[in-house]
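Worksheet: the structure to be examined is printed underneath.
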Amino acid sequence: IVIGNDYESIYQAISGEFGMAPSSDTLGSADTPDTRKSVGVGFIAVYTLAIFSVWMAINTPATVTLALRIGTVDPDGYVHSYSLLAGLGTLVALLANPFFGRLSDRTTSRFGMRRPWMLGGLVGTAIGAVVVAAGPTIPVVLAGWLLMQASVNATIASMLAVIADYVPERQQGIMGSIAGVTVTAGLLVGTYFVQLVPENPMAQMGIPAAIALVFTLLLCVVLPDRRLDPADREPLSFKEFAGSFYLNPRTAPDLAWLILILFLFAIGPAAVATYTVYYLQDYIGIAEDRLATMTFYISLTMNGISVIVGLIAGRLADATGRRKWLLAITGICSGAGLFVMVIGASLPLFFVGSAIVGVGGGIFGGIYISSATATMHDPKTYARDLGLVNIAYTLPYSIVPFAAPLLLGIGGGTSNYLALFTVCGVVTLIGVPLLTRLKGLC
């Protein structure tokens, strides 16, 4: 990072090479989405690498590495320990995202509104990754995991706000799809990496975090981050703090309904992502030494499909200007795929169900950000609003682990995945008819 009297001209020159040099208006206030200049291919590439690596750094442990790590630290009580850590971690994430988004919206640093939270969050993520990898007990692993979840969501909130800050409306579909599919693309690459080093938790946790830090630093160099005039920042108060987690449905009805619908649509994929490892081990009977490899193949199926479908969905949304029918397919596939997975408790059917969920998850990831920005109208709360949207995406990953032991225990056992996946599938499908409540979204 270059620091000096000529810092402004230096980063303007660099960002100009990437197709996104800022104007004085950009630094002072947000432009309207329909009057902005198009962002260049170079900037899109850097942004993609940065947000891809961030998702890889957090979603790989959330889905695979943390489960394997807990299985080593607590081999007798790993199911309950994992449910506790996964649930608390996601709870911290869903609170941290809009909170840090709110702070980002209020930041008056000379380095901009988004840069400090991007880099600071990745530093905390890297430290937490080391703690999780080296922690000898469940409490220590929990502390590292909570630090990772809180820190990485400061980065995610500020990165997603970049789309609302600078990208013109005609490009928000493709940029939103890129940001969405990198969630699954990062997990796909991360699970492949995990099975290459199955006995090295420090490499599994630390290297993805280090990669994310490098690419985020590059994004900070080329990003024309706008600045907030201190005179325009409202005094911090309890009301302001509470506003980080609240959206008035009367003033923003479409965004409020969309948040609820996205939450319901994420229930099904959350069940699959959270319990794939234990489903394969307890329900299908995959040997422990094959778990990491088999999880990768399932991730390759589900997330590979998601990446391809997500990019197509983003282009369709831009071309047609219509998103509700795509959202309907999201809910149907995300719910129906779970029923297929548990029909015969077989590995082939689990792969088929994963593919169906992958289609739904791909459309979800491809259009949920652009659907949200289409319902947002206040530049002062872009990061906060996208933080609330991210709650809709992440909250199920907290609720499912807490509720799962009750559903898994139906019948007196500890592995009733038929009950777990059926209930989650039904809840997901409930979101489809609610799409009729979105009056301002085509």
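Reckoned from all heavy atoms, side chains included, excluding hydrogens, waters and symmetry mates.
The main-chain N or O of Val152 is found under 3.5 Å from a side-chain atom of Thr125 such that the two form a donor-acceptor pair. Side chain of Ser354 to backbone of Phe350: a donor-acceptor contact under 3.5 angstrom is found. Using modelled atom types, no side-chain atom of Ser151 and backbone atom of Met148 make a donor-acceptor pair closer than 3.5 Å. A donor-acceptor pair under 3.5 Å links the side-chain atoms of Arg115 to the main chain of Cys220, judged by distance alone. A side-chain donor-acceptor contact under 3.5 Å links Arg69 to the backbone of Gly135. Side chain of Thr375 to main chain of Asp254: no donor-acceptor pair is present (N/O by atom type, distance under 3.5 Å, no hydrogens or angles). No donor-acceptor distance shorter than 3.5 angstrom exists from the side chain of Thr301 to the backbone of Phe351, with no hydrogens or angles considered. No donor-acceptor distance shorter than 3.5 angstrom exists from the side chain of Thr60 to the backbone of Ala57, with no hydrogens or angles considered.
Taking Trp145 as the reference, nothing meets the side chain to side chain donor-acceptor pair (under 3.5 Å) condition, with sequence neighbours excluded. With sequence neighbours left out, Tyr47 forms a side chain to side chain donor-acceptor pair (under 3.5 Å) with no residue at all.
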Q: Show your working on side-chain contact (heavy atoms from CB on, under 4.5 Å) between Val141 and Asp74 and close with a plain yes or no.
A: CA-CA 11 Å; Val141 174; Asp74 185 15; over 6 Å; no
Q: Give the C-alpha distance, both sets of side-chain angles, the deciding distance and a yes or no for side-chain contact (heavy atoms from CB on, under 4.5 Å) between Ile298 and Leu280.
A: CA-CA 10 Å; Ile298 291 173; Leu280 294 176; 3.6 Å; yes
Q | Worked check of side-chain contact (heavy atoms from CB on, under 4.5 Å) between Gln281 and Thr276 | A | CA-CA 9 Å; Gln281 183 179 32; Thr276 291; over 6 Å; no
Q: Decide side-chain contact (heavy atoms from CB on, under 4.5 Å) for Leu407 and Ile410; before the verdict, give the C-alpha distance in whole Å, the side-chain angles of both, and the deciding distance to 0.1 Å.
A: CA-CA 5 Å; Leu407 296 173; Ile410 292 177; 4.1 Å; yes
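Between Ala154 and Gly121 the shortest heavy-atom distance is CB-CA, 4.3 Å. Closest approach of Ile305 and Gly358 over heavy atoms only: CG2-C, 4.0 Å. Leu264 and Gly431 get closest at one heavy-atom pair: CD1-CA, 3.7 Å. Of all non-hydrogen atoms in Gly353 and Val340, the two that sit nearest each other are N-CG1, 3.8 Å.
Going from atom CE of Met118 over to atom CD1 of Ile51 covers 8.5 Å, rounded to the nearest 0.5 Å. In this structure, CG in Asn59 is found 12.0 Å from CG in Leu66, a value given to the nearest 0.5 Å. Rounding to the nearest 0.5 Å gives a distance of 11.0 Å between CG of Leu160 and OG of Ser104. How far CH2 of Trp257 is from CG of Leu435: 11.0 Å, rounded to the nearest 0.5 Å. Taken from CG in Leu213 to CG in Leu218, the straight-line distance is 11.5 Å, to the nearest 0.5 Å. With values rounded to the nearest 0.5 angstrom, Ile399 atom CD1 is found 5.5 Å from Ile267 atom CD1.
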Show every donor-acceptor pair shorter than 3.5 Å between a side-chain atom in residues 328-339 and any protein atom, with sequence neighbours excluded, or say none if there are none.
| residue | atom | partner | partner atom | Å |
| --- | --- | --- | --- | --- |
| Thr330 | OG1 | Leu326 | O | 3.2 |
| Thr330 | OG1 | Phe364 | N | 3.4 |
| Ser334 | OG | Thr330 | O | 2.8 |

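Ring pair Tyr279/Phe421: centre-to-centre distance below 6.0 Å.
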